[in-house]
Every structure is written in structure tokens, then in C-alpha cells.
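Both counts, for ligands and for their atoms, begin at 1 and track the order of listing.
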Amino acid sequence: MKLADRIKNLGTETAFAVGAEAAVFAAEGNKVYPFHLGDLNLPTPENIVTAAEKAIKDGKTGYCPNAGVPALREVLAEDINQARGTDYTMENVVIQPGGKPVIGKFILSLMNPGDEVLYPNPGYPIYESQIQFNGGVAVPYSYKEGSDGFLLDLDSLEKLITEKTKLLIFNDFQNPMAAEASEDELKKIAELAIKHNLYVLCDEAYFDMRYSGKSKSLASLPGMKERCVILYTFSKKFAMTGWRLGAAVAPKDLAAIIGKLNTNDESCSNHFVQYGALAGLTDSQEPVMAIVDELRKRRDKGYEILSSIKGVKCFKPETTFYLFPNVTEAMDNLGFKTYDEFRLAALKETGVSFCTRLHFGSELPDEKNKYVRFAYSGINIPEMEEGLTKLKAFIEK
Ligand SMILES: Cc1ncc(COP(=O)(O)O)c(C=O)c1O
């Protein structure tokens, strides 16, 4: 078969391949401790399930408007305004089948072939895939290890901006590093975007997954609403990854274009699911708080054990459900030269399955340290404790 040329530029999310490897290992009768995928093993709150069931019974099973059910768009705009201090209306909100489609639709709407797009590396791998698939030039920017977390390397970021740079992809509450920009850094990013006339994708998939403090959105800074598209998702906050529901929150003209892309791609997002999401936003937020409380306990447990391992350096982030320890010394001590040697040996010897930095983009030329990612959203505390204790023994042997 002679495929289209663009197919060679299509990337993927290799974390799913790590999951498949772990599944094979488990099928061979081995115990697996799953830290590889950012999925939740917590159920979707009951009120959301009930509302979606009722919507099915009420016949919300046909097509709905391309941009989503109006009541949901309205309530989501209000919710976003309350959390972010913005002034969006329903015309800014275009419902999507998940947060992920916002990435491709943002790029398709604003990027011409040959335009340069800045994106985080390590970062969510779909950015690079969608930029390259659509004929853009993917320009990675990086983060530095600070004293209590990862920091944006803003000087390097600015140096990467050229006349061809059109878009900036910014994932605050970052996957995989759990990095979060300070108010000062947000201001500097906004200044850069305005100065160089960049449109910004604010991937805020983890905006509400936080254990202390308050999230702030780049889109709320003066002059930014006009140039930002927020990626919003119901996946993480409401434990709804498999329901597939999210939204693009964009300037009105752009929102209309994204709605037109919806009509071309999927007609509309799943109709009755939107009524479940509406209940999630309007009912009591106790179920959401319970999800965050459970994740906080897992974060504490994961941090406690990982940071006690000789040769492993780990930060304790206030957001996301990821830990991204520096394992350079541990790998050196064990004599592992490559990430895959380390990852596969750890799986074989301990059953602990995790992704490495390479699942979040290629290593950058000046990168010396080694990092791996532990997602604690899909594993309960007793299993975390058992698995990570085995990993500690393996690394310290
Ligand atoms: C940074 C980031 N953005 C977007 C997404 C997409 O999430 P979804 O499509 O499930 O809403 C994810 C999922 O893991 C993510 O980590």
C-alpha cells in the first residue's frame, strides 16, 4: 500500500506501548505495579453516571449541536471564569471528545506548513506528533531542575523564537514533570507571546488536580485571552478518561472555526455524556474533592518512598498525578547505560512498570541527567508501597 507522505510524520503516545508490555508480563503470571499510564483507577462520581443514564433514557441519543449542548457550554464558561478570573461566554466554549483533540484543532486552525511551533520537551508527545503531521516545524523548549521543582528555561525559550515562530504550546501543571510556573514566569511568558505575536495553547488538563495553593491561568493575564486557547478536559478532574469529553476555550472567531472542524471530524461530541458532565459541574464538588484527597495521599506515599531511595532525587509537586525523579545516580550505580535497560530490568525484577523520559520526546543534545515518570493515578496505596519497596531494594542492592 502506498500511504500518504504525511503518515511518516505521525507520532504516537508510546506510554500505551509500555502498558501493553506490562500486560504481557502480567499475563505470564507476574505481579505488575502499574505506574505507566496517566489513567485513573477511581470510578466516575455516581451523580455523573446517574445523569448520563437519565440522558440516555430521556432520548439524548441523537446528534447535538457541533459545539456542544448549550447548557454545558454556558455552565463550563462560568466554571472556567470562576476558577481563572476570566470573562468567557458560551460562544468561547467548543465541546470536544476529550482534551486531546484541542491540540490538533488548535494547530490546524492557526499553523501553516513551515511555521515554527514551540513545545515542551519533555512533554506530552502528541504536541510534536500533531505539529509535524500537519507540516509544521517542531521546536522543543526545555525545563531546568530547580531547588524544589522543575523550572521553565525562559532565556532559552526566548532565544528559540524566530520570525517563523507562530505558536507556543504551554502545559502548565506539566506532564510529565509536574512543573508549575510562578506568577512572575507567567507574566514573562505573556510578555513574550505579545511581543512576538504568538498564539498560545494553554494545555490545562491538570489545572484542577492540585494539593495545595491555587492554579492560575496564563489566559487570565492582560492581553492573553485574545491569543490563548485553553485545553479543558473532564478526563482527570471527574475521573472520566474513557467517556471522552473536553473543550476548547478560544476567542470567538477561532471558536467558530474549531466548531467547523468538529462538524468535519466527528459532527458533535457524545450527546448524553455532556449531561453527565453538566451534573459534574453543577452538583456538589465533594466527589471531586474526594478524588483529589486520594491522589494527595498517593503523592505523599510515592514521594516518601522514592525520595528515600539511594541515587534517586525526587520533588514533591503540588499538582498533577506524576512524580518525575532524577535517577541518574541510580542508573550509574546499577551500570545501566540506556533507559530501556533500566526500565525493563526494573519490570522483570520487581514488576514495577513506569515510563521514562524518552516517552515524552527525544533527549535534547545537552541533556545529561536521566529521569523516569511515575503516574500514581492508577494504583492504590498498599500496592504502591509494595511495588516501590521492591524497587528500592532492587536499586540499592
Ligand atoms: C498534558 C495533557 N494534555 C492533554 C491530555 C489529554 O487528555 P484527554 O484527551 O483524556 O482529555 C493529557 C492526557 O493524559 C495530558 O497529559
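In this structure, E226 has no salt bridge (charged side-chain N to carboxylate O under 4.0 Å, His left out) partners at least two apart in sequence or on a different chain. Listed by chain and number, the residues in a salt bridge (charged side-chain N to carboxylate O under 4.0 Å, His left out) with D332 amount to none (sequence neighbours excluded).
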Dump the pairs for me: ligand 1 N or O, protein N or O, distance under 3.5 Å, to 0.1 Å.
from: ligand 1; atom 1: 3 (N); to: D203; atom 2: OD1; distance (Å): 3.3
from: ligand 1; atom 1: 3 (N); to: D203; atom 2: OD2; distance (Å): 2.6
from: ligand 1; atom 1: 9 (O); to: G99; atom 2: N; distance (Å): 3.2
from: ligand 1; atom 1: 9 (O); to: K100; atom 2: N; distance (Å): 2.9
from: ligand 1; atom 1: 9 (O); to: R244; atom 2: NH2; distance (Å): 2.7
from: ligand 1; atom 1: 10 (O); to: S235; atom 2: OG; distance (Å): 2.8
from: ligand 1; atom 1: 10 (O); to: R244; atom 2: NH1; distance (Å): 2.9
from: ligand 1; atom 1: 11 (O); to: G99; atom 2: N; distance (Å): 2.7
from: ligand 1; atom 1: 11 (O); to: T233; atom 2: OG1; distance (Å): 2.5
from: ligand 1; atom 1: 11 (O); to: S235; atom 2: OG; distance (Å): 3.0
from: ligand 1; atom 1: 14 (O); to: Y206; atom 2: OH; distance (Å): 3.4
from: ligand 1; atom 1: 14 (O); to: K236; atom 2: NZ; distance (Å): 2.7
from: ligand 1; atom 1: 16 (O); to: N175; atom 2: ND2; distance (Å): 2.8
from: ligand 1; atom 1: 16 (O); to: Y206; atom 2: OH; distance (Å): 2.8

The test is salt bridge (Lys or Arg N to Asp or Glu O under 4.0 Å); show your working for D300 and K316 and say whether it passes.
CA-CA 8 Å; D300 291 347; K316 190 176 179 184; 3.7 Å; yes

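Screening F35, Y376, F342, Y33 against F354 for a ring pair (Phe, Tyr, Trp, His ring centres under 6.0 Å) leaves a single residue, F342.
Cation-pi geometry between K225 and Y88 is satisfied (NZ or CZ under 6.0 Å from the ring centre, within 45° of the ring normal).
With side-chain heavy atoms closer than 4.5 Å counting as contact, directly or through intermediates, the hydrophobic cluster containing L261 also holds L108.
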